[in-house]
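Report on the structure given below.
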Amino acid sequence: MYQLNERQRQAVETISGAVLVLAGAGSGKTRVLTERVAYLINEKEVAPWQILAITFTNKAAQEMKERIAGVVAADMRDMWISTFHAMCVRMLRRYAEALGYTKNFLIYDTDDTLRLLKKILERMGLKENKSYSDRYIKNLISKYKNDNTTLDFEQYAEERNPFIAEYAGEIFDEYTQELQKQNAMDFDDLLLNTLLLLETNGDARTYYQNKFHYVLVDEYQDTNMVQYKLIKILSAGYGNIFVVGDDDQSIYAFRGANIRNILEFEKDFPGATVIRLEQNYRSDKKILDVANCVIKNNEGRKGKTLWSDIDRGEKPVLYTANSEYEEAETIAREIQRLSDEGMRYADMAILYRIHTLSRILEEKLRLYAIPYRIYGGISFYERREIKDMVAYLNIIANPAADLQLLRIINTPKRAIGAAKVEALVQAADYNGISILEVMQNANVLLTDKALIKKADEFCEMYERLSENYTDMSVHEVMERAYEVSGYKKMLEEEQTPEAEARIENIAELINSAYTYDGEDESSLEGFLQNIALITDLDSMDDQGGVTLMTMHAAKGLEFDAVFVAGMDENIFPSQRAIDEDNVEEERRLCYVAVTRAKQRLYMLHSNMRTLYGRMQPSVQSRFLDEIDSDLLNCIGRKKPVISQKPAAVKGKTDLFSGGFSIQKKASPQKVTGNYDIGTVVEHKTFGRGKVKSIAGEGDSRVAVVDFYEVGEKKMFLAFASLKILK
Ligand SMILES: Nc1ncnc2c1ncn2[C@@H]1O[C@H](COP(=O)(O)OP(=O)(O)OP(=O)(O)O)[C@@H](O)[C@H]1O
Ligand SMILES: [Mg+2]
């Protein structure tokens, strides 16, 4: 193992008071934080339970635990290393009653929250009203909660969007009441309620302030207001607060992260020591130069120096493609080449700004038989059968969980159709009780004979599902639910490959419960709360494939080779960021993406791209313009073209060995000449071909040309500079 440098060592050993490590990417911040925990236990005899360390993902927490477990002898189970959300759940489980919840409170994930809002909007007759989209309202509520302002929601909403002022207050109240009725919290409530607990409940506050002698936070630049207040209050007992972060990597403002937290740390914690790390141990110097070139265009930074003495790799590549297919193909071939040279697939990543770009990349990777893992698609816990099984468990643990009950009331089919469900929901609303309670009292509350019968049957099943469940292990409860509910039978009878896959997934879920049962203090409630906190990123494991993910998700990670796809204006920076004059956050994102690379960096742009169903000309990202051209190996086939050999396009050559044209930005030209079907044309790169069809007007006139050498290409005549031959 390598030695820490002097500054890093100082950061590890300055244990009292407030300390901020402000440093650029790859300078060892996360490493220092981990070392410090080990140092406190090994050298300073601090007990593990006195330490609270907060990471950005559960996976990071897991890695940190493993690393520390390897160097300390103490019992790791007492140590609080977790995300903010997991920390809050742990506190809330202990103190839920003080806030009017029961210990087995439900956690609403994004999907649950959206479904609830949809229901509310429908009830209020706002479903068709475009101003009140469920997603928009959800995000606004989330931002509101994270900002932790003194405004009420109605005022907050009005300031941001007058078009929803009329009903905003009512929607919020309904939403809040509905959650309370179901003994549920959304993700933001977890933080907010913990803060409320610590602010209003002296017992809880004193307990945790006395408990945590040392508080440590990674990725501090992406904390929000509520998280800041949580840290402030939790560290107030001993005043030992250690945070690490990089203002240049603050990329979650859209989710309420507040860059002020890091910029004003010294004001918030007077007397704080600030330690700057300047040596980057991750990236080749040439990669770092590119990152620095981009980020220096942002204003209002805390100036930082970052250097690397790793200097053995090749120049970063800027590749200009003519279509997203070519872009993807290029990436796939280069990945193959790197793999042939001995780099592992697991050490390579393709990053993009938006998920939409992943489809074609996947297609090409499959074509080349390159194994990959994609993050942000449907994760295990979002799969239908898993959500269904979890819904069954939720209603066992929490009979008031209406939304979960609605999910499975007719799955498998029980002849409780939409009209019957509606009648149940109305009866529940009218009487202010849960749907299950309505069913349990069907004889009194309902009139429809058929429905009463169905309700009785459901309740009978429910009795069997939940009988003595607290005395059983979680996997036993789950196995029983799988059978008694009829879910197992339903899948078995289906006899399709999809059903087979579902059966396997449920087996995996049962297996995870089995593992969980081995932990201390296991309970169904605890299991469900754990599940609710698992994010897609946590399912990351080293299965040997290339990683595909958004740049946001890549924060904190590192790979030998990184491909940044889709570096086009309007994609990255996004149209929205440009419109809202918020390019600086996107530039930070670019800095994050580039600094994930250790040895090799490829940035790709395409002159033409089909996005949202339309093929259009595309201009390279301004971030690429900001990079000194001598730092890059520019490869592409747009004007001016030096090599005119069409053979180059067929691509037997190593695409990155240079020798291609130096690319320049495409700009529209006047469409002149009479193109017609059958016209023979010549393209500088693709050679000769025949026009097969023409569509569109003016600048968007598109021709499909069948090139003799390379086959069919769709091209905008304004950009293609085709020479008419006959
Ligand atoms: N003193 C050192 N000597 C050699 N390698 C080091 C040293 N310190 C850290 N590293 C290595 O450098 C890499 C980057 O470290 P780390 O991930 O902790 O950086 P970071 O500052 O947290 O980066 P980011 O800002 O991207 O989160 C890791 O592979 C780490 O093991
Ligand atoms: Mg880090």
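The first residue in the sequence is number 1, and the count goes up from there. Just so you know, ligand 1 is whichever comes first in the structure, and atom 1 is the first atom listed for that ligand. Just so it is clear, the structure is predicted and the values come from calculations on it, not from any experiment.
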Identify, by atom number and element, the atoms of ligand 1 in contact range of [X], meaning under 4.0 Å from any of its heavy atoms.
X	result
G556	27 (O)
G28	9 (C), 15 (O), 16 (P), 18 (O), 19 (O), 20 (P), 21 (O)
R596	26 (O)

Salt-bridge present ([X], [Y]; N to O < 4.0 Å):
X	Y	answer
R344	D347	yes
D311	K286	yes
D246	K304	yes
D568	R609	yes
E558	R596	no
D189	K145	yes
D284	R312	no
R36	E13	no
D218	R31	no

Distance filter under 2.8 Å, centred on the Mg ion (ligand 2) - protein N, O or S atoms that pass it: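 Those protein N, O or S atoms (cut-off: under 2.8 Å from the Mg ion (ligand 2)) are T30 OG1.
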
For ligand 1, the portion of K555 having any non-hydrogen atom under 4.0 Å away: neither

Identify which of [options] has a heavy atom lying nearest to [atom].
atom	options	value
atom 21 (O) of ligand 1	R31, R9, K29	K29
atom 22 (O) of ligand 1	V244, I310, T34, T30	T30
atom 24 (P) of ligand 1	K598, Q8, R282, Q221	R282

Polar-atom distance check: L4 versus ligand 1, any N or O pair below 3.5 Å?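 Between L4 and ligand 1, no N or O pair is found under 3.5 Å apart.
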
Close N or O approach (E558, ligand 1; < 3.5 Å): yes

Measuring centre to centre across the rings, with the benzene-like ring taken for any Trp, is W49 within less than 6.0 Å of F212? no

Between Y319 and H605, does the ring centre distance come in under 6.0 Å?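 Centroid separation for Y319 and H605: 6.0 Å or greater.
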
May I ask whether [X] places a heavy atom under 4.0 Å from ligand 1?
X	result
Q3	yes
T595	no
Q279	no
A25	yes

Could K555 and F56 be counted as a cation-pi pair, given that NZ or CZ must be under 6.0 Å from the ring centre and within 45° of the axis?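 Flagged: K555 positioned over aromatic ring of F56.
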
